Amino acid sequence: MPRAHDTRPRHQQIAAELRDLIMRGELRPGTQLPSTAQLVAQYNAANATIQHALKALKDEGFLDSRVGKGVYVRDRQPFVIDAAAYIAPAPGRFRYQLLTVDNVVPPADIADGLHLAQDATTIVRARILIHDEQPVELSTSYYPAEIAADSRLAKSAKIRGGAPQALADLGFPQRTFIDRISVRAPTPEEIETLDLPDGTPVIRQLRIIYSDNERPVEASVLIKGGHLYELLYRQAITTEPH
């Protein structure tokens, strides 16, 4: 089987190498990059190619230009998002902006995750998670209409305590969730809503949340920009005797 060959434009290849060095900590925050002439020699590339690569990394927030001084690695750590079922709003940090609330027949993967019959409907809530006034996640959450149709989940208003509290009030406390994570190119809507730099992929989480007796009560599609963001998972490790 033939091996894949990188056919990206040269400036994208150079940006990818520099991005990797920054994310691995080889180029630390505050580090000055070599001059354009040095980068031209290092990568055997044209001046314009290096400038295109640096511009891409500036647009993504990895680099800053300082007039008369040069280009530096930006003092900005990856935005680490704890893979929790719900992020509580906090003044000055996290807040949710509700976009729409509707009653719809869900997509196939959502219907499968919620174990719904054909043509069964769901209450769907679309929101943006905002951190320090920057959009960091687009979420679309689906709830079986048979349990949510007459609840706070169906109203076009924010819910005190969020969906976990609303589900608990209905007798369906959240117990566990399963994430399926993939990476893909963004849709036009996602580029505009999350203000994504050109060429940035998105992380897609399909999350199914279960209540008692492993009943699925919520299915969410969570979309995050793939640049500068990391997912943090924690799990206890139990050691069984051999």
Side-chain angles (χ1 to χ4, degrees), residues 1-84 87 90 92-95 128-138 179 181-205 222-234:
M1 181 176 178
R3 299 182 66 179
H5 179 66
D6 190 350
T7 60
R8 291 175 296 178
R10 184 60 178 142
H11 76 275
Q12 292 183 7
Q13 296 174 350
I14 294 170
E17 291 189 23
L18 291 171
R19 187 186 298 111
D20 180 56
L21 290 172
I22 294 171
M23 294 184 73
R24 289 194 286 117
E26 297 297 323
L27 292 175
R28 296 186 176 278
T31 300
Q32 183 177 6
L33 260 63
S35 68
T36 300
Q38 290 172 319
L39 291 172
V40 165
Q42 178 180 339
Y43 288 103
N44 191 25
N47 184 289
T49 300
I50 296 298
Q51 294 297 338
H52 276 108
L54 296 180
K55 181 181 184 303
L57 294 173
K58 291 173 186 176
D59 290 345
E60 294 175 20
F62 283 101
L63 300 176
D64 274 333
S65 288
R66 301 180 188 176
V67 178
K69 294 185 177 180
V71 178
Y72 291 77
V73 178
R74 187 176 178 183
D75 189 12
R76 176 180 177 181
Q77 298 301 311
F79 180 70
V80 179
I81 300 176
D82 203 336
I87 298 176
R93 295 197 65 217
F94 291 103
R95 66 182 178 88
I128 299 176
L129 177 63
I130 296 174
H131 178 266
D132 289 339
E133 299 310 309
Q134 296 295 318
V136 297
E137 179 183 88
L138 177 62
D179 276 356
I181 300 175
S182 56
V183 178
R184 60 164 171 75
T187 66
E189 177 191 9
E190 290 162 358
I191 291 175
E192 295 176 3
T193 302
L194 295 175
D195 194 22
L196 298 176
D198 185 45
T200 301
V202 292
I203 300 168
R204 181 185 189 268
Q205 291 171 262
L222 313 173
I223 303 294
K224 303 174 178 66
H227 67 307
L228 298 182
Y229 303 116
E230 295 180 356
L231 299 179
L232 176 64
Y233 284 84
R234 296 186 182 92

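The structure presented is a predicted model; accordingly, all values stated were derived computationally and were not measured.
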(request) Among residues two or more places apart or on two chains, list those pairs meeting ring-ring contact (aromatic ring centres under 6.0 Å, His included) that have a residue in residues 16-40. (result) none

(message) Counting only heavy atoms from other residues, nucleotides and ligands, does the tally under 6.0 Å from CZ of R28 exceed 12?
(response) no

(message) Minimum heavy-atom separation for G226 and T200, please, with both atom names.
(response) N-CG2, 3.9 Å

(request) Tell me, please, which residues at least two apart from R66 pass side chain to side chain donor-acceptor pair (under 3.5 Å). (result) none

(request) Return the minimal non-hydrogen interatomic distance between G61 and R74, and the atom names on each side. (result) O-CD, 3.1 Å

(request) Return the minimal non-hydrogen interatomic distance between V40 and A45, and the atom names on each side. (result) CG1-O, 2.9 Å

Taking only distance into account, with no hydrogens and no angle test, what donor-acceptor pairs under 3.5 Å do side-chain atoms of residues 46-56 form with protein atoms, sequence neighbours excluded?
residue : atom : partner : partner atom : Å
Q51     : NE2  : T36     : OG1          : 3.3
H52     : ND1  : A48     : O            : 2.9
K55     : NZ   : D59     : OD2          : 2.9

(request) Output all residues satisfying side chain to side chain contact (heavy atoms under 4.5 Å, CB included) with Q13, sequence neighbours left out; order by chain, then residue number. (result) D6, R8, R10

(request) Would you please name every residue forming a side chain to side chain donor-acceptor pair (under 3.5 Å) with T31, sequence neighbours left out? (result) none

(request) Answer yes or no: is there a side-chain heavy-atom contact under 4.5 Å between T7 and Q12? (result) no

(request) May I ask you to decide whether R204 forms a salt bridge with E190, counting only side-chain N to carboxylate O separations under 4.0 Å? (result) no

(message) Checking P135 now: which residues fulfil side chain to side chain contact (heavy atoms under 4.5 Å, CB included) with it, not counting sequence neighbours?
(response) I128, L194

(request) Verify side-chain hydrogen bond (donor to acceptor under 3.5 Å, both in side chains) between Q32 and K69, making sure each step is shown before the conclusion. (result) CA-CA 9 Å; Q32 183 177 6; K69 294 185 177 180; over 6 Å; no

